[in-house]
Amino acid sequence: GESVGLHLPTLSVQEGDNSIINCAYSNSASDYFIWYKQESGKGPQFIIDIRSNMDKRQGQRVTVLLNKTVKHLSLQIAATQPGDSAVYFCAEKKGAAGNKLTFGGGTRVLVKP
Amino acid sequence: ETGVTQSPTHLIKTRGQQVTLRCSSQSGHNTVSWYQQALGQGPQFIFQYYREEENGRGNFPPRFSGLQFPNYSSELNVNALELDDSALYLCASSLAAGASYEQYFGPGTRLTVT
C-alpha cells in the first residue's frame with residue numbers, strides 16, 4: 001500500500017550547521033513530494049515541493065532532493081537557525097487523486113544554540 | 001498566517017457524543033480538505049470538498065461527515081465519538097482541487113474525548 005515514512009524521529013543540530021532530513025516513500029506513482037514544517041500549536045506550513053520529474057529544487061535556505069531510483073526524498077536546511085526547530089513532515093500527492101496529501105510520521109529538529 | 005481559521009481551538013467531549021468543527025478557507029479558495037492528526041503522528045486525510053461536493057475520502061468510517069457551504073467554509077461532523085477520535089483536526093484550503101495547488105493549513109482544533 002501507499003506509505004511515506006521518515007528514517008529519523010529526532011535530529012539535533014548546532015545552530016549555524018546544515019540539517020538534512022530524510023524520507024522514504026513507496027508509491028512511485030506520486031506526482032508531487034512536499035515538505036511541511038509544523039511548530040508547536042500550529043498547523044503544517046508549506047516549505048517546498050518538487051515534481052516527480054525533477055531531482056532537485058532550491059528555495060530560500062532549503063533544498064529538496066528526490067532520488068526516484070531508491071525512492072528517497074531529503075530536505076536540506078542551510079545555516080540552521082533556532083526558528084527552524086519544529087517537526088518536519090514529508091508528504092506526497094498523486095495527480096489522479098487530486099489534492100489529497102499522504103503524510104509520513106515526522107522528524108523533530110532541535111536546534112542547539 | 002495562512003488565512004485559514006478553525007473553531008473552536010479546543011474541545012472536550014464524552015464518548016458517544018457528537019461534535020461539529022468549523023473551518024473558514026482562505027479568500028478565493030474553493031477546496032477544503034480535512035485531516036486528523038494523532039499525537040506524534042502525521043496528519044491523515046479524512047475527506048475533501050470541492051465546490052460544495054465531496055471530492056475524495058480517506059479510510060474513515062461514515063460517522064465522519066462533512067459539509068461545504070456556498071462561501072466555501074466547511075464543517076466536519078463526528079457522531080458517536082470514540083476515545084480514539086482524540087486528535088488535532090486540521091483543515092486545509094487550496095485554490096482548486098488539482099494536485100498542483102498548494103494547501104494552506106489552519107491551526108487545528110484539539111479534540112479530547114473522555
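In what follows, every heavy atom counts, from backbone to side chain, and hydrogens, waters and symmetry copies are set aside. The chains referred to below are lettered A, B, ... by the order of the sequence lines, with proteins before strands, and numbering in each begins at 1. Fair warning: this is a prediction, and the values are worked out from it, not measured in the lab.
If you look at A/Tyr25 and A/Phe33, their ring centroids are closer than 6.0 Å.
Contacts between B/Ala92 and chain A at a heavy-atom distance below 4.5 Å are absent for every atom of the residue. With a 4.5 Å cut-off on non-hydrogen atoms, B/Gln103 touches chain A through its backbone and its side chain both. Neither the backbone nor the side chain of B/Gln6 has a heavy atom closer than 4.5 Å to any heavy atom of chain A. Residue A/Gln38 touches chain B through its side chain alone, counting heavy-atom pairs closer than 4.5 Å.
Under 4.0 Å is where a charged nitrogen must lie from a carboxylate oxygen, and between A/Lys93 and A/Asp49 no such pair does. Comment: B/Asp85 does not engage B/Lys13 in a salt bridge, judged by the lack of any side-chain N to carboxylate O separation of less than 4.0 angstrom.
Contact count versus chain A (heavy atoms, under 4.5 Å) is highest, among B/Ala96, B/Pro107, B/Ser33, for B/Pro107. No other option in B/Gln37, B/Glu102, B/Gln41 has as many heavy-atom pairs under 4.5 Å with chain A as B/Glu102. Among B/Gly42, B/Pro43, B/Gly108, B/Cys91, the residue with the largest count of heavy-atom pairs under 4.5 Å with chain A is B/Pro43.
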Take A/Ser74 and A/Asn22, measure what side-chain hydrogen bond (donor to acceptor under 3.5 Å, both in side chains) needs, and give me the verdict at the end. CA-CA 4 Å; A/Ser74 68; A/Asn22 296 303; 4.6 Å; no
Going through the checks in order, is the ring pair (Phe, Tyr, Trp, His ring centres under 6.0 Å) test met by B/His29 and B/Tyr72? CA-CA 7 Å; B/His29 287 189; B/Tyr72 302 132; 9.8 Å; no
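More than 12 heavy atoms of other residues, nucleotides or ligands sit less than 6.0 Å from atom CG of B/Leu83. Within a 6.0 Å radius of OH in B/Tyr101, no more than 12 heavy atoms belonging to other residues, nucleotides or ligands are found. More than 12 heavy atoms of other residues, nucleotides or ligands shown are found within 6.0 angstrom of CG on A/Leu110.
The ring pair (Phe, Tyr, Trp, His ring centres under 6.0 Å) search around B/Tyr35 returns A/Phe103, B/Phe45, B/Phe105, not counting sequence neighbours.
Inspection of non-hydrogen atoms places no residue of residues 59-69 of chain B under 4.5 Å from chain A.
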